[in-house]
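Read through the structure below, which is laid out as structure tokens, and then see the notes.
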Amino acid sequence: MEEFEREPVAPAALKPGRYFAASYAGEHVAGTEFVIGALFVSMGVGAGEVIAGLLLGNLLAVLSWVLICAPIATQTRLTLYAYLEKIAGPGFIKVYSVINGILFCVLAGAMITVSASAVRILFGIPPQVGWLPSSFAFVLIVLGVGAVVSFVAMRGFSVVARFSEVAAPWMIVMFFVGGAAMLPVIVANTASVSSISNFGDFLTLAETSIWIEKGTEAGFWHVAAFAWGANLAFHGGLGDMSILRFARKSSYAWYSSLGMFIGHFAAWLAAGIMGAGAALLLKTELASLDAGGVAFQALGAIGILTVIIAGWTTSNPTIYRSGLAFQSLHPAWSRERVTLVVGVITTIIACSPFVFSELLGFLGIMALVMAPIGGLIFSEHFLFKRLGLTRYWHSATGSALNVPALLTWLVSVGVAALLGYGLGVDVFFLFIPAWLSALVFYPLFASVMGAKAVDASALAASEQAESARQQAERDFLANHQTSGLVKSSGNKLFFGGAALSLLAAVSLGILALTSGDLEQFQSLIIWPTLSYFVFALLLVRGETAAQK
């Protein structure tokens, strides 16, 4: 499939909404949710503040995708790297792509490490929670997981999205039933709660035995800022232009709410419940457990599969993004080969467990570094004309480097770093002043250093060509019926079988919640999982055959 690394996506290649629903749900219901869910258990923030903070922060994240990233992606149909090169020049993009690609490699490496933390249980390898691995066998497992992930990412966006489409519904259910099955374990160890018959009972249990207020500096605003900034690189930093450029409508960005409220709200809470329960069962500190260990205690053997697939569905699109970043350094490079090299680098990084044990601090730094780029691009795309500046002015200068853009990036990061290191502002909050600084400084620097001097008529031809391209796209979409699910009797049967399998899994979770029989639940949950994947794969195969 053509990936349109350097030019706008063709109208015929645009995708319907279900691709993005599956991609967001799959990517953000991930193995790292076990890591982050456990964080909120151990950081000393009360249950009420955790729940309210996650609601606000995830809403702000969804709005960032809808109001910032998606409009730019669907208007330009370019990757972040192609559009940034148009604005800031090839010299700027070479520096940015290297930094951005490395950051994505580390992030994808964390997902691979999380998947490997589940596989290691099958071989009796102890949890790897230090900075470096203590087991050579664990390294071999990481290499195997990384090879699979890299292969899928090499196949392109459609394959990445289809992989998530199959896995996402099942993963969502596994988080819910895992949390439900673990609640009786926590109830049995909480003297003040004998059962859960209403939300008040749950909240009492949560405040007493799960999210316990410890009087730390962290609170509601820390939780909200983290939930908003955890994926800042993708929405406010515009990394998801690489994905949303394929969307037929800008409104498809609302599908990010599936990832945020199912993944970064419900799954984080469910993972916190599973983590607290696992620590009680093993009579150990939660910090000594990895994602695989937590899932195995809650879901048994299926917990291993859950973490493996959850890690894959996040690392696949992340490696895909990283491949696009490095491929932008040289137009002649093949995206597939670049993605393969990126996969190798990512897998080597994943061999060191610190990439997920230090994940939260890394996400804060990643948001700080990438936030100014989003503010800079937003400024040129939406504000320049309103401010009397010429949009894409730098492309008329013939220079390889947009100096005002580089200064904006450095100054914005510097302002945020000064707030962090000089005034003690928590790293979770620094992306906000970094983004806003770029929004202000870039028009100021550009107006002083050449944007006002460029004759707008010199860029009229390219503006007209872009307007013509957008009109052709609108005409194409108006005259071509959007494709949906291919409906046939066989596909209806497969869809029904997959849905019933998930319903059976939910029923088992409810049974475990009411009976408290965790062992029975773990032995039975295997069967609806097997039947779900059989029906889901047959459904995808039938749709693919019908569309050819």
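All values below were derived from every heavy atom in this structure, side-chain atoms included, with hydrogens, water molecules and symmetry-related copies excluded.
- Taking the six-membered ring wherever Trp is involved, the centroid distance between the rings of Phe40 and Trp211 does not fall below 6.0 Å.
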### side-chain contact (heavy atoms from CB on, under 4.5 Å) evaluation trace for Val425 with Leu430
CA-CA 7 Å; Val425 177; Leu430 295 181; 3.8 Å; yes
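- Annotation: Trp435 is in aromatic contact with Phe378 [ring centroid separation under 6.0 Å].
- A heavy-atom distance below 4.5 Å is found between the side chains of Phe382 and Ile72.
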### Query
Do Leu281 and Leu518 pass the side-chain contact (heavy atoms from CB on, under 4.5 Å) test, and can you show the C-alpha distance, the side-chain angles, and the key distance before you say yes or no?
CA-CA 11 Å; Leu281 286 174; Leu518 183 61; 3.9 Å; yes
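- Taking CG of Asn58 as the start and CG of Asn231 as the end, the distance is 9.0 Å to the nearest 0.5 Å.
- Looking at heavy atoms from C-beta onward, Leu54 lies out of side-chain contact with His264 at the 4.5 angstrom threshold.
- Residues Tyr24 and Tyr255 place their aromatic rings such that the two centres sit no closer than 6.0 Å.
- A 4.5 Å side-chain heavy-atom check between Met370 and Asn100 finds at least one atom pair inside the cut-off.
- Taking OG of Ser115 as the reference point, atom CD1 of Ile141 lies at 11.5 Å (rounded to 0.5 Å).
- If you look at Trp268 and Phe226, their ring centroids are closer than 6.0 Å.
- Residues Leu299 and Val177 form a side-chain contact, since some pair of their non-hydrogen atoms from C-beta on lies under 4.5 Å apart.
- Interatomic distance, Ile196 CD1 to Asp201 CG, rounded to the nearest 0.5 Å: 7.0 Å.
- Closest heavy-atom contact between Val114 and Ala291: CG1-CB, 3.7 Å.
- Here the closest non-hydrogen pair linking Ser257 and Val62 is CA-CG2, 3.6 Å.
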#### Entry: Full working for side-chain contact (heavy atoms from CB on, under 4.5 Å) between Leu63 and Trp254
CA-CA 8 Å; Leu63 292 176; Trp254 284 107; 3.9 Å; yes
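- Ser412 places no side-chain N or O within donor-acceptor distance of the main-chain N or O of Pro372, the cut-off being under 3.5 Å.
- Ring-centre distance between Trp228 and Phe428: not below the 6.0 Å cut-off.
- Contact annotation: the side chain of Leu502 approaches that of Trp170 to within less than 4.5 Å [non-hydrogen atoms, C-beta and beyond].
- Here the shortest heavy-atom pairing between Leu282 and Gln297 reads CD2-NE2, 3.6 Å.
- Proximity of a side-chain donor or acceptor of Thr190 to a complementary backbone N or O of Ser192 within less than 3.5 Å is not detected.
- Between the side chain of Ser209 and the backbone N or O of Ala206, no donor-acceptor pair lies under 3.5 Å.
- Residue pairs meeting the ring pair (Phe, Tyr, Trp, His ring centres under 6.0 Å) criterion with at least one partner in residues 102-124, sequence neighbours excluded, are Phe104-Phe234.
- For residues 253-272, there are no salt bridge (charged side-chain N to carboxylate O under 4.0 Å, His left out) pairs, not counting sequence neighbours.
- Here the side chain of Thr514 pairs a donor or acceptor atom with the backbone of Ile510 at under 3.5 angstrom.
- Atom OG1 of Thr306 is separated from atom CE of Met274 by 8.0 Å, given to the nearest 0.5 angstrom.
- Here the side chains of Leu269 and Val50 are in contact, with some heavy-atom distance below 4.5 Å.
- Met260 has its side chain within reach of Trp65: a pair of non-hydrogen atoms, C-beta onward, lies under 4.5 Å apart.
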### Message
Between Phe429 and Leu368, does the side-chain contact (heavy atoms from CB on, under 4.5 Å) criterion hold? Intermediate values first, please.
### Response
CA-CA 9 Å; Phe429 298 103; Leu368 168 61; over 6 Å; no
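- Closest approach of Ile121 and Gly293 over heavy atoms only: CD1-N, 3.9 Å.
- Rounding to the nearest 0.5 angstrom, the gap separating the CG atom in Leu508 from the CD1 atom in Ile302 is 11.0 Å.
- For Lys492 and Phe495, the positive end is not near the middle of the six-membered ring at less than 6.0 Å and at most 45° from its axis.
- You'll find the side chain of Arg245 stays beyond 4.5 Å of the side chain of Thr74, heavy atoms only.
- Atom OH of residue Tyr532 and atom CG of residue Leu537 lie 8.5 Å apart, to the nearest 0.5 angstrom.
- A distance-only check finds no donor-acceptor pair linking the side chain of Ser195 to the backbone of Ser197 [under 3.5 Å].
- In plain terms, the two heavy atoms of Pro184 and Ala181 that are nearest each other are CD-O, 3.3 Å.
- In summary, of the residues considered (Leu80, Leu238, Ile377), a side-chain contact (heavy atoms from CB on, under 4.5 Å) with Cys69 occurs for Leu238 alone.
- Of all heavy-atom pairs between Ser501 and Ser531, the closest is OG-OG, 2.7 Å.
- Distance alone, capped at 3.5 Å, is enough to place a donor-acceptor pair between the Arg120 side chain and the Ile125 backbone.
- No side-chain donor-acceptor contact under 3.5 Å links Ser437 to the backbone of Ala434.
- Listed by first then second residue, pairs satisfying ring pair (Phe, Tyr, Trp, His ring centres under 6.0 Å) with a partner in residues 502-527 number zero, not counting sequence neighbours.
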